Number of protein chains: 2
Amino acid sequence: MAEHLLRCESCSVRHRAVCGALEHAEIERLNAIAHHKLLPPGHVILHDNAEMHYFANIVSGVVKLTKTLADGRQQIVGLQFASDFLGRPFRAQSPYTAETVTDVHLCTYDKGKFERLVKDIDGFEHRLFQHTLDELDSAREWMLLLGRKSAGEKVASFLLMVARRMETIGCKASDDPNRPRFNLPLSRAEIADFLGLTIETVSRQISRLKVDKIIGLEGNRTISILDMRRLMAAMEQERD
Amino acid sequence: MAEHLLRCESCSVRHRAVCGALEHAEIERLNAIAHHKLLPPGHVILHDNAEMHYFANIVSGVVKLTKTLADGRQQIVGLQFASDFLGRPFRAQSPYTAETVTDVHLCTYDKGKFERLVKDIDGFEHRLFQHTLDELDSAREWMLLLGRKSAGEKVASFLLMVARRMETIGCKASDDPNRPRFNLPLSRAEIADFLGLTIETVSRQISRLKVDKIIGLEGNRTISILDMRRLMAAMEQERD
DNA sequence: AAAGCAATTTGCTTTCGATCAAGGCAAATT
DNA sequence: AATTTGCCTTGATCGAAAGCAAATTGCTTT
């Protein structure tokens with residue numbers, strides 16, 4: 001029973017997309033069909049157009065969605081962090097590959113049972129719909145980056161995006177809120193695939209930020225943002 | 001009465017996203033709140049984060065969704081053709097600008113009334129949700145193009161996309177189905193903004209396709225695809 | 001601590017697309 | 001008819017990022 005409540009905590013509280021608008025009783029119904037899964041880095045959850053047999057909330061870790069050309073060029077088209085939702089209700093297939101980037105803890109729901117709950121619980125599909133609109137917005141934001149930003153701007157945007165994301169899921173290991181410090185979940189190769197650049201260009205841009213004392217590096221993965229103002233300037237502001 | 005039925009035809013039959021799953025009686029309810037609007041090219045329907053007071057189906061013409069950086073660099077993040085839906089149910093704002101590219105005929109619905117119908121008609125929101133998933137898929141498809149394709153591949157992909165789109169909405173003026181011929185709705189500048197290229201690069205790539213006898217040009221806007229096979233080869237195939 | 005190995009960085013060269021600058025063409029204006 | 005204007009094409013040059021080849025760093029394993 002205590003364990004059950006714990007599971008409720010770990011799944012409901014953190015999973016904005018699915019549970020944000022639900023009553024406690026309904027979250028209990030979700031928890032009743034929930035299972036948990038631990039996956040190692042590099043695990044392919046869904047291979048291109050294959051069928052996915054479950055939905056899931058990410059409890060911890062990072063999942064990447066990728067698309068690949070015939071000759072191997074790859075583009076990351078989505079990054080899902082803790083509290084994000086995985087899967088497409090009422091769709092058999094997804095035209096991309098989903099793969100774990102780090103150790104990932106999933107809270108999974110059987111496809112059929114979940115879809116029945118979605119139909120059953122008032123406002124649930126509405127909630128998923130709004131979440132998909134959010135995903136569409138960030139995809140389009142990223143299209144602007146891919147099509148029109150320079151390598152320097154891309155890397156700065158990426159670091160700020162990850163920093164913000166790590167913060168909202170409570171992963172920052174920092175005292176000063178203006179100087180966030182966190183572990184990059186992605187390798188240089190993955191950052192390159194995310195930004196539409198090569199490994200070398202990503203590395204050079206990160207080195208430049210380090211030389212300019214805008215960021216600090218400990219090892220390859222631990223980044224601290226030393227000068228938030230200049231990092232944001234390096235990213236360029238949107239308007240319209 | 002006759003006019004009413006005509007409007008029914010022009011709105012229901014062609015608007016997949018909204019009406020695809022609806023019964024005739026429900027389409028009638030939609031038609032009851034429908035108004036029509038004719039807009040000239042270059043008309044801004046929605047300016048960045050401004051509020052949009054109506055939803056609409058596009059009866060004819062093309063609408064572009066754009067995002068712009070502070071210094072004027074622009075990226076088209078969506079292209080909507082006839083039968084596409086415009087607007088975001090239950091959202092006040094959209095983080096991009098929507099602007100007509102050609103003369104556009106809209107079938108509009110008052111925001112409040114439309115949202116009431118969405119809540120009222122069973123399966124309507126589900127339908128809109130699935131349509132948004134489609135939009136997300138094409139946005140991600142385009143991210144792969146923006147991040148990883150060469151200028152030549154981008155232009156070839158664009159021409160094939162437009163050809164397919166013009167065909168499905170019945171705008172091709174061609175006898176041979178393997179040699180589609182159509183009017184480009186976009187200027188060179190707009191194609192460039194769509195592909196993340198410059199005007200000059202777009203022009204050069206189109207010229208190259210013409211010299212190679214893969215496409216034919218009459219004037220600047222009328223394109224015929226002469227060698228579908230080689231155009232598709234120029235685009236590169238996806239896999240994964 | 002040393003070895004082994006993969007990931008990252010760095011230097012050098014090349015290439016693709018951007019930028020700059022004319023020039024052509026057709027429709028609109030006078 | 002002459003001029004302007006907008007849009008597109010073409011040529012020449014430039015520059016940012018890609019490509020390639022070491023060198024280096026940072027983990028793992030022993």
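Chain identifiers are assigned alphabetically (A, B, ...) following the order of the sequence lines, protein sequences preceding nucleic acid strands; residue numbering begins at 1 within each chain. Since this is a predicted model, take the numbers as computed values, not measurements. Computed over heavy atoms, backbone and side chain alike; hydrogens, waters and symmetry mates excluded.
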Pair of N/O donor and acceptor under 3.5 Å linking D/dG11 base with B/Arg204 side chain: yes
Going by modelled atom types, is there a donor-acceptor pair between the base of C/dC20 and the side chain of B/Glu200 at under 3.5 Å? yes
Nucleotide of [options] approaching [X] most closely (side-chain heavy atoms):
| X | options | answer |
| --- | --- | --- |
| A/Leu197 | D/dT9, C/dT8, D/dA18 | D/dA18 |
| A/Ser207 | D/dA18, D/dT9, C/dT9 | C/dT9 |
| B/Ala151 | C/dG17, C/dT9, D/dA17 | C/dG17 |

Run the salt bridge (charged side-chain N to carboxylate O under 4.0 Å, His left out) test on B/Arg181 and B/Glu218 for me, step by step, so that the C-alpha distance in whole Å, both residues' side-chain angles and the decisive distance to 0.1 Å come before the verdict. CA-CA 10 Å; B/Arg181 167 207 176 100; B/Glu218 295 147 63; 2.8 Å; yes
Would A/Lys67 and B/Asp137 pass as an ion pair if we require N to O under 4.0 Å? no
Return no unless some side-chain N or O of [X] is found under 4.0 Å from OP1 or OP2 of [N].
| X | N | result |
| --- | --- | --- |
| B/Ser187 | D/dC7 | no |
| A/Thr201 | D/dA17 | no |
| A/Thr198 | D/dG19 | no |

Are the side chain of B/Arg148 and the backbone N or O of A/Gln74 linked by a donor-acceptor pair below 3.5 Å? yes
Could you give the [atom1]-to-[atom2] distance, from [X] to [N], as a whole number of Å?
| X | N | atom1 | atom2 | result |
| --- | --- | --- | --- | --- |
| A/Arg221 | C/dA7 | CZ | C1' | 9 Å |
| B/Lys149 | C/dC16 | NZ | P | 18 Å |
| B/Gln205 | D/dC8 | CD | P | 16 Å |

Watson-Crick or G-U counterpart of D/dT30, or none if no pair lies under 3.5 Å: C/dA1
Checking all strands, does B/Ile206 fall into the base, sugar-phosphate, or nothing category for heavy-atom contacts under 4.0 angstrom? nothing
Comparing B/Ile199 with A/Val202, nearest DNA chain D nucleotide closer to 5' gives the residue B/Ile199
Taking atom CD of A/Glu99 and atom NE2 of A/His47, what is their separation to the nearest 0.5 Å? 9.5 Å
